[in-house]
There are 4 protein chains.
Amino acid sequence: MAARSSQQAVEKRRLILDAAVRVFAREGFNGARVSDIAEEAEIAYGLVYHYFRSKDEILDTIFLERWNVMLEAIKAVRAQPISAREQLRAVASFIVESYRRDPDVMKVIVVEVTRAANSFGRAHLAQIREAYDGIAAIVEAGQSSGELRDTVTPAFAAMAFYGAIEQVLTGWIFEVLPGAPEDVDQAKAFVIDTICGGLDAR
Amino acid sequence: MAARSSQQAVEKRRLILDAAVRVFAREGFNGARVSDIAEEAEIAYGLVYHYFRSKDEILDTIFLERWNVMLEAIKAVRAQPISAREQLRAVASFIVESYRRDPDVMKVIVVEVTRAANSFGRAHLAQIREAYDGIAAIVEAGQSSGELRDTVTPAFAAMAFYGAIEQVLTGWIFEVLPGAPEDVDQAKAFVIDTICGGLDAR
Amino acid sequence: MAARSSQQAVEKRRLILDAAVRVFAREGFNGARVSDIAEEAEIAYGLVYHYFRSKDEILDTIFLERWNVMLEAIKAVRAQPISAREQLRAVASFIVESYRRDPDVMKVIVVEVTRAANSFGRAHLAQIREAYDGIAAIVEAGQSSGELRDTVTPAFAAMAFYGAIEQVLTGWIFEVLPGAPEDVDQAKAFVIDTICGGLDAR
Amino acid sequence: MAARSSQQAVEKRRLILDAAVRVFAREGFNGARVSDIAEEAEIAYGLVYHYFRSKDEILDTIFLERWNVMLEAIKAVRAQPISAREQLRAVASFIVESYRRDPDVMKVIVVEVTRAANSFGRAHLAQIREAYDGIAAIVEAGQSSGELRDTVTPAFAAMAFYGAIEQVLTGWIFEVLPGAPEDVDQAKAFVIDTICGGLDAR
DNA sequence: CATGAATGAGAATTCATTCAT
DNA sequence: CATGAATGAATTCTCATTCAT
């Protein structure tokens with residue numbers, strides 16, 4: 001019975017988180033009311049406070065849940081015995097696939113967290129930085145092995161790489177870039193081609 | 001006399017805008033109260049509303065003022081008889097210099113506008129897009145002349161390029177990238193080196 | 001349980017409406033603050049907005065609630081098989097009794113709505129007109145049957161009739177007419193005597 | 001020169017009052033801003049405060065100016081050696097003509113003053129009452145001479161009489177009564193016919 | 001007299017959070 | 001667990017009035 005109700009509690013929590021994602025994606029964090037989330041989840045809105053301490057905590061949870069998956073993915077990629085370029089491709093692919101699978105979550109993360117220098121971005125800076133550092137580590141290893149040029153610092157290269165990807169997501173979010181499935185597929189190749197190969201003709 | 005008071009009015013407007021930039025940079029748009037702006041500008045509360053219709057209009061003005069300068073700069077760059085790579089370098093340089101000269105304004109634009117898909121970003125989408133299009137046009141011309149590879153679409157390359165730069169600004173804003181003057185100088189070269197030259201060793 | 005809390009909700013709404021009537025009667029609609037209403041109702045400020053969308057909606061509700069009762073009363077009077085004079089007496093009696101029973105509500109309606117040509121009066125014109133039309137219909141029927149003279153149009157007679165009554169209420173509100181219970185009783189007869197019988201000696 | 005500028009001052013004051021009448025009629029007293037009045041008068045809005053102490057004083061002036069003319073008119077009518085019925089007709093005629101000549105002023109008086117039991121109406125109660133008393137005096141004299149029936153008190157008859165007229169103005173203001181010139185003419189006869197003759201057939 | 005910038009007290013409304021049931 | 005009524009702090013915007021020029 002405890003297991004049963006605990007299981008229900010988990011599901012209800014999930015229900016709220018998923019509803020919050022849709023509402024935050026639609027209205028933005030500031031534009032969203034807790035009552036909107038409750039309505040979207042079809043629950044009484046006092047219940048939200050049984051599962052979360054505050055509206056902030058909901059976004060924190062949404063972000064951390066997904067971001068930790070990404071951190072794990074980056075870690076896994078780094079452990080693979082493949083070239084730096086392949087590792088970067090794998091990371092780009094993971095992020096792009098994350099968007100394809102659940103665009104709302106990525107929209108919320110990109111729009112409400114990773115640039116929110118005075119609120120959530122600052123609060124989760126350590127986590128965000130961990131991703132940058134992981135990418136930088138890939139670049140650094142590539143530079144050490146001679147696979148990548150060492151004219152730019154790894155940290156800088158990591159920012160350029162991550163920024164390029166996030167901007168592509170932003171382009172989809174704003175609908176200024178074509179976001180059909182084949183475009184999303186192509187984007188993975190494009191990002192690597194641009195960042196690794198460079199725009200210059202050889 | 002009319003000139004005098006008109007001049008004063010312009011200056012007071014400027015005073016408010018400059019104060020608002022500092023406050024928005026410090027607290028974020030949502031965290032900033034109109035009274036904070038008035039206090040920062042050392043004027044009476046109500047005077048803000050003598051010069052601006054609303055808090056939103058203040059941010060709109062801050063954004064458009066600076067963004068239009070950038071659009072002009074991009075236009076001017078495109079008119080120059082230099083290579084695509086040089087044009088991209090000029091654009092990157094302009095944006096990075098803008099940050100160096102007035103980091104608060106760029107922080108506000110990057111943090112509160114260009115990714116704010118449910119508020120100001122959406123409202124100014126046409127302006128934002130104009131910048132992307134200008135960059136894409138540079139890439140397209142470079143591809144036509146054979147200077148740049150045409151394996152990625154100009155629109156895509158423009159997003160990657162702009163995203164890389166904006167992420168560097170973000171890195172400075174969050175202080176995860178070294179932002180000393182020499183780093184800022186170096187960043188210009190790095191961005192071009194990364195995006196044009198690519199990370200791959202030759 | 002649902003019935004219980006629903007019932008409570010209804011009662012609280014009533015509590016707010018009744019408090020608002022007292023406050024509007026005392027301070028006028030414009031002079032009344034929402035906080036005055038909350039204080040008068042002995043509830044928290046924000047609860048007013050749980051039950052009503054705005055301060056305007058409170059007055060709308062107060063007006064419509066009572067006015068619809070009056071429209072029903074006029075309709076009922078018109079259905080009675082009595083002379084036009086008796087019908088007019090019944091209408092006058094109903095209005096005067098409404099005032100006697102709840103002078104604050106009538107004060108609010110007369111002072112804040114029925115002459116407020118740029119706000120509530122205009123907003124509720126259709127409802128207000130319906131009352132005029134009902135009275136005019138009584139006059140018209142009386143004229144058709146020969147009971148009343150047809151030297152004035154029914155619409156005009158209705159306005160004179162209604163205006164005479166409302167002015168008597170105004171006299172009580174301003175305390176320029178004696179408003180003791182016996183005066184109120186007498187007023188019913190007086191209105192009919194004046195409007196139907198005329199001031200002229202026979 | 002003093003005369004000249006004093007004359008100008010008088011004219012400017014008039015300009016403001018006339019503009020205020022139009023604005024109050026259009027927006028209502030509460031909806032009108034002092035700046036609206038200045039704009040309508042085509043003057044700088046600080047100037048309003050050279051001629052009037054406050055927004056309230058403007059309405060006070062508008063009211064008193066016209067109301068005193070009416071009090072004078074009623075006094076003059078009472079001095080005439082004509083029947084009570086003729087005197088009442090003259091009063092009704094005066095009010096109706098006042099509306100015809102300047103509907104905005106009468107609209108402002110009727111809408112913003114004579115029923116405003118918590119603001120201007122209360123403030124000008126003495127003046128308002130003087131008009132009622134004048135009319136009551138006419139009725140009383142008519143009753144003494146046997147011309148009018150004495151079944152109702154003069155004060156009550158005065159209220160019915162005045163209320164009927166004001167309601168007709170209200171009908172024109174709300175456009176629920178036909179207000180063409182011939183209707184306005186007819187109204188004078190109608191009011192007297194209704195109040196003095198009564199609605200009853202003989 | 002004339003101007004309109006400057007002031008600041010108010011007031012409505014919102015909404016995250018709490019809590020009694 | 002669930003409900004949604006209750007709370008009240010916070011904030012934007014308005015606008016009458018003052019005042020320096």
Side-chain angles (χ1 to χ4, degrees), chain A residues 5-6 8-9 12-13 30-39 43-58, chain B residues 1-2 4-6 8-9 11-13 16 30-38 41-58, chain C residues 1-2 4-6 8-9 11-13 16 30-38 41-58, chain D residues 5-6 8-9 12-13 30-39 43-58:
Chain A
S5 72
S6 166
Q8 286 184 328
K12 197 63 72 89
R13 216 179 129 85
N30 279 291
R33 284 165 296 185
V34 173
S35 66
D36 293 333
I37 298 171
E39 206 174 323
I43 57 166
Y45 84 87
L47 193 55
V48 172
Y49 286 89
H50 268 270
Y51 291 94
F52 298 94
R53 220 182 305 282
S54 68
K55 188 182 161 190
D56 279 28
E57 201 189 65
I58 298 174
Chain B
M1 247 170 303
R4 171 76 185 287
S5 72
S6 167
Q8 287 184 325
E11 281 163 13
K12 197 62 70 92
R13 215 181 129 85
I16 294 169
N30 279 292
R33 286 163 299 175
V34 174
S35 67
D36 293 333
I37 298 172
E42 294 184 301
I43 57 168
Y45 192 104
L47 195 57
V48 173
Y49 286 91
H50 192 78
Y51 288 96
F52 298 94
R53 226 181 299 284
S54 68
K55 189 181 158 192
D56 278 29
E57 201 189 67
I58 298 176
Chain C
M1 248 171 303
R4 172 75 187 286
S5 72
S6 166
Q8 285 183 327
E11 280 164 15
K12 196 62 70 94
R13 213 180 133 85
I16 294 170
N30 279 290
R33 286 164 298 176
V34 175
S35 67
D36 292 334
I37 297 171
E42 295 182 302
I43 57 167
Y45 196 104
L47 195 56
V48 174
Y49 286 91
H50 191 80
Y51 289 96
F52 299 94
R53 223 181 301 280
S54 68
K55 189 180 158 192
D56 278 30
E57 202 189 66
I58 298 175
Chain D
S5 72
S6 165
Q8 286 184 326
K12 196 65 70 87
R13 220 181 125 83
N30 279 291
R33 283 165 297 185
V34 174
S35 65
D36 291 335
I37 298 171
E39 204 174 324
I43 59 168
Y45 84 85
L47 195 54
V48 172
Y49 285 89
H50 269 271
Y51 291 95
F52 299 93
R53 221 182 306 279
S54 68
K55 187 182 161 191
D56 278 28
E57 201 190 64
I58 298 175

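Quick note on labels: first sequence line is chain A, next is B, and so on, each numbered from 1.
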For A:Glu39, enumerate each residue passing the side-chain hydrogen bond (donor to acceptor under 3.5 Å, both in side chains) test, keeping only those at least two apart in sequence or located in another chain. none

With rounding to the nearest 0.5 angstrom, report the OH to CD1 distance, A:Tyr51 to A:Ile43. 8.0 Å

P-based separation of E:dC1 from F:dT21 [nearest Å]: 23 Å

Quick one: label D:Phe52 by what it contacts on the DNA or RNA (base, sugar-phosphate, nothing), any heavy atom closer than 4.0 Å. nothing

Is the distance from OP1 or OP2 of E:dA5 to the nearest side-chain N or O of B:Lys12 less than 4.0 Å? no

Smallest separation among heavy atoms of B:Ile37 and B:Ile16, with atom names: CG2-O, 4.0 Å

For A:Gly46 and B:Lys55, take the nucleotide of DNA chain F holding the closest heavy atom to each; which residue's nucleotide lies nearer the 5' end? A:Gly46

Would you say C:His50 reaches F:dA6's phosphate, i.e. side-chain N/O to OP1/OP2 under 4.0 Å? no

Rounded to whole angstrom units, what separation is found between the CG atom of A:Leu47 and the P atom of E:dC19? 17 Å

Between F:dC15 atom C1' and D:Glu39 atom CD, what is the distance in whole Å? 14 Å

Calculate the interatomic distance between A:Tyr51 atom OH and E:dA16 atom C1'; express it in whole Å. 20 Å

Starting at CD of B:Glu42 and ending at C1' of E:dA6, how long is that distance when rounded to a whole Å? 15 Å

Heavy atoms of C:Ser35 and C:Tyr45 approach each other most closely as CB-CE1, 3.3 Å

Under 4.0 Å, counting only non-hydrogen atoms across every strand here, what does B:Ala38 touch: a base, just sugar-phosphate, or nothing? nothing

Once you round it to whole Å, what is the distance between C1' of E:dT13 and CD1 of C:Ile37? 13 Å

F:dA16 P sits how many Å from C:Asn30 CG, rounded? 12 Å

Take the protein atom OH of B:Tyr49 and the nucleotide atom P of E:dA6, then report the distance between them rounded to whole Å. 17 Å

Looking for any heavy atom pair under 4.0 Å, which part of the strands does C:Ser35 touch: base, sugar-phosphate only, or nothing? nothing

Is there, by distance only and without an angle test, a donor paired with an acceptor across the side chain of D:Tyr45 and the base of E:dA5 below 3.5 Å? yes

Measure from the side-chain heavy atoms of D:Ile43 and tell me the nearest of E:dT7, E:dT3, E:dA12. E:dT3

C:Arg33: which residues meet the side-chain hydrogen bond (donor to acceptor under 3.5 Å, both in side chains) condition with it, sequence neighbours left out? C:Asp36

Side chain proximity check, B:His50 to B:Leu47, heavy atoms < 4.5 angstrom: yes

Which dot-bracket string describes DNA chain E (Watson-Crick N1-N3 plus N6-O4 or O6-N4, or G-U N1-O2 and O6-N3, all under 3.5 Å; [ ] crossing; | other strand)? .||||||||||||||||||||

Whole Å only: how far is the CZ atom of B:Arg53 from the P atom of F:dC15? 14 Å

On a heavy-atom basis, the closest approach of B:Glu57 and B:Arg53 is OE1-N, 3.0 Å

